[in-house]
Amino acid sequence: MNRAQEEEIAENVMSILCEAIGDIRFIFISISVAYEPNMSEDVKPLLRDETSYNHHYFNGKIKSEQNIKKLPNYCIVRPGSIYGINPLEIMDNRSLILKEHIESNEEYVRATNIIFSIVNVNDLADAIIELVILIVRGSSKAVMSLLICPRRFRY
């Protein structure tokens with residue numbers, strides 16, 4: 001999707017899409033939506049202004065979530081930074097550096113002013129497939145943050 005168009009899609013398409021979905025379970029892949037160290041599923045999203053990096057992308061995800069939360073049956077997935085091997089079976093530099101640090105048990109510092117989680121692309125795909133198949137217990141509405149857990153996923 002075009003990041004610059006994400007906010008426009010959220011404003012002009014998501015409400016129509018949500019109306020058409022009805023009671024069908026809708027799984028939406030979102031992002032971390034706020035700037036704060038103690039993220040939770042009920043955190044208040046922070047809309048960005050034009051001075052912020054990728055502001056249309058972040059704002060589009062936030063606005064889409066607002067529409068989706070009106071549905072009777074939804075799951076919003078907020079994965080951390082996604083890493084892994086691309087379809088050509090080549091690991092990108094960021095993932096390669098991360099892999100080397102994990103294997104050596106060294107601390108990995110990408111930035112000193114943020115706290116973030118990471119998730120392997122295959123683990124994320126497996127988690128989403130399970131969400132399609134399983135019913136989230138306790139509610140037909142859910143917001144989940146997926147965190148890294150070797151060979152497994154946690155939500």
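Keep in mind that what you see is a predicted model, and the values were worked out from it rather than measured. For the numbers below, each heavy atom of this structure counts, side chains included, while hydrogens, waters and symmetry mates do not.
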Visitor: Taking a hydrophobic cluster as the set of Ile, Leu, Val, Met, Phe, Trp and Tyr residues connected by side-chain heavy atoms closer than 4.5 Å, whether directly or through intermediates, do L96 and V119 fall within one such cluster?
Guide: no

Visitor: For the atom pair CD1 (I9) and NZ (K63), what is the distance rounded to the nearest 0.5 Å?
Guide: 13.0 Å

Visitor: Determine whether L124 and V77 satisfy the following criterion, side-chain contact (heavy atoms from CB on, under 4.5 Å), listing intermediate values before the conclusion.
Guide: CA-CA 10 Å; L124 177 59; V77 178; 4.3 Å; yes

Visitor: Do the non-hydrogen side-chain atoms of I76 and I68 ever get within less than 4.5 Å of each other?
Guide: yes

Visitor: Considering only heavy atoms from C-beta outward, does the side chain of M14 approach that of I16 to under 4.5 Å?
Guide: no

Visitor: Does E8 offer a backbone N or O that forms a donor-acceptor pair with the side chain of N12 under 3.5 Å?
Guide: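 Yes; at least one donor-acceptor contact below 3.5 Å.
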
Visitor: At what distance, to the nearest 0.5 angstrom, does SG of C18 lie from CG of N67?
Guide: 5.5 Å

Visitor: Distance to the ring centre below 6.0 angstrom and angle to the axis at most 45 degrees; does that hold for K61 and F28?
Guide: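 Checked: cation-pi criterion met.
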
Visitor: Just how far is it from atom CD1 of I82 to atom CD1 of I29, taken to the nearest 0.5 Å?
Guide: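 So the CD1 of I82 and the CD1 of I29 are separated by 8.0 Å.
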
Visitor: Does a sphere of radius 6.0 Å around CG in D23 hold more than 12 heavy atoms from other residues, nucleotides or ligands, not counting ones at 6.0 Å or beyond?
Guide: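 For D23, atom CG is not crowded (no more than 12 foreign heavy atoms under 6.0 Å).
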
Visitor: Supply the atom-to-atom distance N59 CG to R48 CZ, rounded to the nearest 0.5 angstrom.
Guide: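 Here the rounded value is 7.0 Å.
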
Visitor: Of all the heavy-atom pairs spanning S30 and P79, show the shortest one and how long it is.
Guide: O-CD, 3.5 Å

Visitor: Mind listing the closest non-hydrogen atom pair of A10 and G60 along with its distance?
Guide: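 Closest approach of A10 to G60, heavy atoms only: CB-O, 3.2 Å.
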
Visitor: When rounded to the nearest 0.5 angstrom, what is the spacing between CD in E6 and NE2 in H55?
Guide: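 Spacing of CD (E6) from NE2 (H55) equals 12.5 Å.
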
Visitor: Are any of the side-chain heavy atoms of L17 and F26 separated by less than 4.5 Å?
Guide: yes

Visitor: With a cut-off of 6.0 Å (strictly less than), are more than 12 heavy atoms of other residues, nucleotides or ligands near CD of E19?
Guide: no

Visitor: Is the closest side-chain heavy-atom distance between H56 and Q5 below 4.5 Å?
Guide: no

Visitor: What residues, two or more places apart in sequence or in another chain, satisfy side chain to side chain contact (heavy atoms under 4.5 Å, CB included) together with I97?
Guide: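 Counting only residues at least two positions away or on another chain, I97 forms a side chain to side chain contact (heavy atoms under 4.5 Å, CB included) with H101, Y108.
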
Visitor: Report yes if some heavy atom in the side chain of N73 is under 4.5 Å from a heavy atom in the side chain of I24; otherwise report no.
Guide: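 No, too far: nothing below the 4.5 Å cut-off.
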
Visitor: Side-chain contact, heavy-atom cut-off 4.5 Å: I21 with Y74?
Guide: no

